[in-house]
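See structure below.
In this chain, numbering begins with 1 at the start of the sequence shown.
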Amino acid sequence: MDFRRFVLLILGLCCTQLIFAASLTDGPYVFLRDGQREAHWICEGKLQTRQIAVHGKIKPVCGLVPALQLESQRTQAADELPQVRRWAAVSDVHGQNALLLSLLRAQHIVDEQGNWAWRRGVLIVVGDVFDRGPNQLEALWAIYRWAQQARAAGGRVELLLGNHEIMVLTGDLRYLHEKYQAVAQLLGRSYDQLFAESTELGAWLRARATVLKLGDTLFTHGGLHPVFADQPIHLASINAAFRNYLSQPSLQRDPQTAWLVGNDGPTWYRGYFAPPRASSTQVQALLKQAKVERIVVGHTTQEQIRSFYQGGVIAIDAGLKNGERGELLVFEKGRLWRGLLDGQRVPLALGDD
Ligand code: ZN
């Protein structure tokens, strides 16, 4: 390459970066500082900061996140909840906030304005809101808001931790959308520091569960390895181990923690779908040990929501991450349905894939 072309190429790259940075809008990122909350936005490439009362309201300065009420009290997510008349589950949003909203609107879980509309219903988001797509912050704040609105209406929204939550919170930023690298640069810290324990979302995420039992159904992002069938399953201990790891990533050196957060642990396991596959007997043993009818998982993308092991495992990652399709698993009127983007509900066939 001659010198002139080299200079033009460098100029081109710089300009693209400059234009990208100048059009960048994101936020709020909320930090706790000296007893105050400080909210930061990037508005068309410029940093904007506001002081917020500790449990105050955040009015939007720019971007897509509506007004927020900071939680007055941090409550640790439940490990187990009683059976409810209707629940829904979605997973692997991966930064596709607009598509998540479309799906929940189409299924009347939220209204046209994006507010909770499912009254006493329970929505479980089964991990991996972070990474790949460009609107993970909007999705996280949306779940945070729905959780408050649902609670006020007698319902509930729970976000479970997936492998990508664990990755970002422990500084593994390989799958971040490029937008967030630029946001981190403009805010002068690494992206994981925007979700440190001293931030509103960082503290909220660290209080979430990784496994949750709701009545006769167990939810977790990847799945439970057959080895869990060998002894009583203590959901609270699993959730506590993940929380401990998030506040102390050096625990990775502890063999038990390393196993739990690794490929065979609940946030990464793929053995219901990929070899070496769990046998039907092993899945039956797992269900018996967990005292549930079914395990609902995301993480391994399917064409559509599918039943495996005669309904013992339901795979709900129907590809939201691609930004074009996605489905919601709905339990209502005593049975399971695939909730589609066009508003239809199709009975889920409980076969063995
Ligand atoms: Zn995953």
Any side-chain donor near an acceptor of the partner, [X] and [Y], under 3.5 Å:
X    : Y    : value
D172 : T170 : no
Y245 : Q252 : yes
N115 : Q113 : no

Whether the side chain of [X] engages the backbone of [Y] through a donor-acceptor N/O pair (distance < 3.5 Å, no angle test) should be reported.
X    : Y    : value
Q289 : A229 : yes
R105 : E112 : yes
H234 : A236 : no
T199 : G202 : yes
W146 : G114 : yes
K57  : Q69  : no

Original post:
Going through the checks in order, is the side-chain contact (heavy atoms from CB on, under 4.5 Å) test met by M167 and R174?
Top reply: CA-CA 9 Å; M167 284 165 85; R174 279 174 294 165; 3.7 Å; yes
Nearest-0.5 Å distance, [atom1] of residue [X] to [atom2] of residue [Y]:
X    : Y    : atom1 : atom2 : value
L286 : T281 : CG    : OG1   : 11.0 Å
Q282 : D230 : CD    : CG    : 9.0 Å
R37  : I58  : CZ    : CD1   : 8.5 Å
H177 : L137 : NE2   : CG    : 13.5 Å
H221 : T300 : NE2   : OG1   : 7.5 Å
L176 : E178 : CG    : CD    : 11.0 Å

Subject >> Partner of L348 by side-chain contact (heavy atoms from CB on, under 4.5 Å), out of R338, Q304, E327 >> reply: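 Result for side-chain contact (heavy atoms from CB on, under 4.5 Å) with L348: R338.
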Should [X] and [Y] be counted in the same cluster of Ile, Leu, Val, Met, Phe, Trp and Tyr side chains packed under 4.5 Å apart?
X    : Y    : result
V93  : L205 : yes
F195 : W141 : yes
L328 : L212 : no
V129 : V183 : yes
I124 : L99  : no

**OP:** Determine, stepwise, if the pair L24 / L186 fulfils side-chain contact (heavy atoms from CB on, under 4.5 Å).
**Re:** CA-CA 10 Å; L24 199 61; L186 285 163; 3.6 Å; yes
Using side-chain heavy atoms (C-beta onward) and a distance below 4.5 Å, is [X] in contact with [Y]?
X    : Y    : value
W41  : R50  : yes
L47  : H40  : yes
L329 : V296 : yes
D192 : L169 : no
V157 : V122 : no
E200 : Y144 : yes
I238 : F228 : yes
V211 : D79  : no

Restricting to non-hydrogen atoms, name the atom on [X] and the atom on [Y] that form the minimum distance, rounded to 0.1 Å.
X    : Y    : value
Q181 : L173 : NE2-O, 3.8 Å
A139 : N97  : CA-OD1, 3.2 Å
S91  : V126 : CB-O, 3.7 Å
A184 : S190 : CB-C, 4.1 Å
R325 : E303 : NH1-O, 3.1 Å
Y180 : G133 : CE1-O, 3.7 Å

When the side chains of residues 253-268 are checked against the rest of the protein, which donor-acceptor pairs come out under 3.5 Å, sequence neighbours left out?
from : atom 1 : to   : atom 2 : distance (Å)
D254 : OD2    : T257 : N      : 3.0
D254 : OD2    : T257 : OG1    : 2.6

Taking NZ, NE, NH1 and NH2 as the nitrogens, is one of them in [X] or [Y] under 4.0 Å from a carboxylate oxygen of the other?
X    : Y    : result
E332 : R335 : no
E44  : K46  : no
E165 : R208 : no

Subject >> side-chain contact (heavy atoms from CB on, under 4.5 Å) between E138 and L101, worked out >> reply: CA-CA 10 Å; E138 289 86 345; L101 260 176; over 6 Å; no
**OP:** Take V292 and K213 through the side-chain contact (heavy atoms from CB on, under 4.5 Å) test and state the conclusion after the steps.
**Re:** CA-CA 8 Å; V292 291; K213 188 167 150 184; 3.8 Å; yes
Original post:
Does the salt bridge (charged side-chain N to carboxylate O under 4.0 Å, His left out) test come out yes or no for D216 and R294, once each step is laid out?
Top reply: CA-CA 7 Å; D216 59 3; R294 63 188 76 86; 3.4 Å; yes
**OP:** Decide yes or no on side-chain hydrogen bond (donor to acceptor under 3.5 Å, both in side chains) for D92 and H299, but give the supporting numbers first.
**Re:** CA-CA 7 Å; D92 296 79; H299 189 54; 5.0 Å; no
Original post:
Would R189 count as a cation-pi partner of F31, with NZ or CZ less than 6.0 Å from the six-membered ring centre and within 45° of the ring normal?
Top reply: yes
Original post:
For W204, is the NZ or CZ atom of R206 found under 6.0 angstrom from the centre of its six-membered ring and inside 45 degrees of the ring axis?
Top reply: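 Because its charged atom misses either the 6.0 Å distance or the 45° angle limit, R206 does not stack over W204.
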**OP:** Check the pair F130, H94 against ring pair (Phe, Tyr, Trp, His ring centres under 6.0 Å), reporting the backbone distance first and the verdict last.
**Re:** CA-CA 5 Å; F130 276 105; H94 282 304; 9.7 Å; no
**OP:** Would you check if the distance from the ring center of F308 to the ring center of Y272 is below 6.0 Å?
**Re:**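 No: the rings miss the under 6.0 Å criterion.
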**OP:** State whether the number of non-hydrogen atoms from other residues, nucleotides or ligands found under 6.0 Å of Q231 atom CD is greater than 12.
**Re:** no
Can I get a per-line list of side-chain donor-acceptor pairs under 3.5 Å for residues 316-324, giving both atom names and the distance, sequence neighbours left out?
from : atom 1 : to   : atom 2 : distance (Å)
D317 : OD1    : G319 : N      : 3.0
D317 : OD2    : T301 : OG1    : 2.7
K321 : NZ     : T301 : OG1    : 3.0

